[in-house]
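Worksheet: one structure, shown below.
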2 protein chains.
Amino acid sequence: MEAVYYSQNPRFYVAVDCIIFCFEDGVLKVLLQQRDFEPFRGEHTLMGGFVQENEDVTQAAQRILEERTGILYVPLEQVGAFGSPNRDPGARVVSIAYMALVDKHLCNDSLNAKHNGFWVNVYDLPSLSFGHDEMVHKALARLRIQIGKTPVGFQLLPPMFTLSQLQHIHEAILNEHIDKRNFRKRVADMSYIEKTDKIDKTTSKRGAALYRYNQLEYEKSLKAKL
Amino acid sequence: MEAVYYSQNPRFYVAVDCIIFCFEDGVLKVLLQQRDFEPFRGEHTLMGGFVQENEDVTQAAQRILEERTGILYVPLEQVGAFGSPNRDPGARVVSIAYMALVDKHLCNDSLNAKHNGFWVNVYDLPSLSFGHDEMVHKALARLRIQIGKTPVGFQLLPPMFTLSQLQHIHEAILNEHIDKRNFRKRVADMSYIEKTDKIDKTTSKRGAALYRYNQLEYEKSLKAKL
DNA sequence: TCAAAAGTGTTAAGTTTACACCCATGA
DNA sequence: TCATGGGTGTAAACTTAACACTTTTGA
């Protein structure tokens, strides 16, 4: 029972595309797929899919993320909408890009294998169809801004992590070297990055203190800033 | 000639909604409309419309902006996509919000009058249908970030303006008082805000120097930062 | 002559950067 | 014992914030 007001207008497919970042082997990676279906069979793209009836657009992105990695309950951030008429040669599709940071250990790689998924160094990106390159670059630009302002790096790590790991993430995202002492000083000022009494012995002989992120403390610190 | 791949998915109306800011009487204002059509007849919303076949989404926003203000060639910035299933009670509509800053003097008010348009202080916003309040708040938040990093204030002013006018815009956007000396010092460091030899006598007896924005100088200064 | 807006510098506080050595341990 | 990554402080440079008086001129 739709008014004429609406029906004189065209309708389009609405897709979501996910820029899923992980951190592995000291490298910031993004999840791609090699398409085994048209259009652009054989080419590379982000993981994406169509928004369904009664499905929130953000939910659709959650669904894609879960289908391809098994990961649920990770914050997704909208990167932008992409709506030029010829993005997709098969049909008019307006696509909304979302980015997520995931802990690679939690990814179920058999799931993404079903979709010809693979992880690639974000600084060594093949060319992507549907203008997905632009989405990745925009996501990375946004991530760089975020990492300077809000704690997001820990999302790429297990619940407990060393400061060196966290620093390497910052370095990978910003693509530049960071001074260790200055970095640790900055982290020390973040009440929500808490030292635990656990020690990680896997990356050094001496062992490194394990830290964890405390969401409640973060919210407190936000309020304190006002 | 669309593959099954597409056609098993639903299609939605895609709308654009414009957050059009102006600066008038020392106040940051946004253009609203009182709807004289369903849904939400009589209620307030942003100016918006549906994306058409073969029309780029950004172009659609340009079109709406021009229809309602007569203004062309103003940069539009995407604020975000809004896609929850029940945003619009009449049909499933995914809406993409854009913001623009316009010089009120260039607005053709007879055009927006045709659409029941009116300007309202952004800090005295009535409640808006379709979740348009959220769009305005997000746009304002983005504008606050922008104004600290990139020159955008001048877009709300005529080509020549005084530093007091520019300062008042910053104050209106940030909703806080700015120290005059510090503000002028900061502007003096911006090579792309150039003093002209013209004097404005309308706002003070003494007269104030008129400045103008130089896009080329801005681009130069960006390069110089790298 | 006075009200009203334009214009102008200095100092203190805070933030950011640069920089080098000792520590603990397993191999 | 030594190679490897973990851990620590200080000083200089820079940026930001606070602050008050003089100038011009039309009414």
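Note: hydrogens, waters and symmetry copies are ignored here, and every other heavy atom, side chains too, is used. Residue numbers start from 1 in every chain, and the chains themselves are labelled A, B, ... in the order their sequence lines are given, proteins ahead of strands. All of these numbers come straight from a predicted model, not from anything done at the bench.
- Rounded to an integer number of Å, the gap from A:His177 NE2 to C:dT17 P is 13 Å.
- Salt bridge status for B:Arg63 with B:Glu66: absent, with no side-chain N to carboxylate O gap under 4.0 Å.
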Next on the checklist: Determine whether B:Tyr98 and B:Thr58 satisfy the following criterion, side-chain hydrogen bond (donor to acceptor under 3.5 Å, both in side chains), listing intermediate values before the conclusion.
Outcome noted: CA-CA 8 Å; B:Tyr98 283 82; B:Thr58 308; 3.2 Å; yes
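- In this structure, the NZ atom of B:Lys205 is 10 Å from the P atom of C:dA3, given to the nearest Å.
- Side-chain atoms of A:Lys185 come within donor-acceptor range of the base of C:dT17, with a qualifying N/O pair under 3.5 Å.
- Atom CG of A:Asp189 and atom P of C:dG14 are 14 Å apart (whole Å).
- In summary, the aromatic rings of A:Tyr211 and A:Phe161 are positioned with their centroids too far apart to meet the 6.0 Å limit.
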Checklist entry - Stepwise, does the side-chain contact (heavy atoms from CB on, under 4.5 Å) test hold for A:Leu28 with A:Phe21? => result CA-CA 7 Å; A:Leu28 184 66; A:Phe21 291 105; 4.1 Å; yes
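- Mapping heavy-atom proximity under 4.0 Å, the span of DNA chain D touched by chain A runs 5' to 3' from D:dG5 to D:dT10.
- Nucleotide C:dG26 holds its P atom 12 Å from the CD1 atom of A:Ile199, rounded to whole Å.
- Salt bridge A:Asp109/A:Lys104: present, at least one basic N to carboxylate O contact under 4.0 Å.
- Taking atom CG of residue B:Asn182 and atom P of nucleotide C:dG9, one finds them 14 Å apart after rounding to whole Å.
- If you measure from atom CD of B:Glu171 to atom P of C:dA5, you get 13 Å, rounded to the nearest angstrom.
- With rounding to the nearest 0.5 Å, the separation of CG in A:Leu143 from CE in A:Met99 is 4.5 Å.
- The two residues A:Ala100 and A:Val74 make their nearest non-hydrogen contact at CB-CG1, 4.0 Å.
- What separates CD1 of A:Ile178 from P of C:dT16 is a distance of 13 Å, to the nearest Å.
- Ion pairing between A:Glu24 and A:Lys29 holds under the 4.0 Å rule for side-chain N and carboxylate O.
- As a whole-Å value, the separation of B:Asp179 CG from C:dG9 P is 14 Å.
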Side-chain atoms of residues 166-175 of chain A: list all donor-acceptor pairs with protein atoms under 3.5 Å, sequence neighbours left out, distances to 0.1 Å.
unit_1	atom_1	unit_2	atom_2	d
A:Gln167	NE2	A:Glu171	OE2	3.2
A:Gln167	NE2	A:Ile178	O	2.9
A:His168	ND1	A:Ser164	O	3.0
A:Glu171	OE2	A:Ile178	N	3.0

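- Taking the nucleotide of DNA chain C with the nearest heavy atom to each of A:Arg186 and A:Lys201, the more 5' of the two is matched to A:Arg186.
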I'd like a list of close polar pairs between nucleotides 6-8 of chain C and the protein, N/O only, cut-off under 3.5 Å.
unit_1	atom_1	unit_2	atom_2	d
C:dA6	OP1	B:Ser164	OG	2.9
C:dA6	OP2	B:Ser164	OG	2.7
C:dA6	N7	B:Lys180	NZ	3.4
C:dA6	N3	B:Arg206	NH1	2.7
C:dG7	OP1	B:Ala209	N	2.9
C:dG7	OP2	B:Arg184	NH2	2.3
C:dG7	O5'	B:Arg184	NH2	3.2
C:dG7	N7	B:Lys180	NZ	2.6
C:dG7	O6	B:Lys180	NZ	3.1

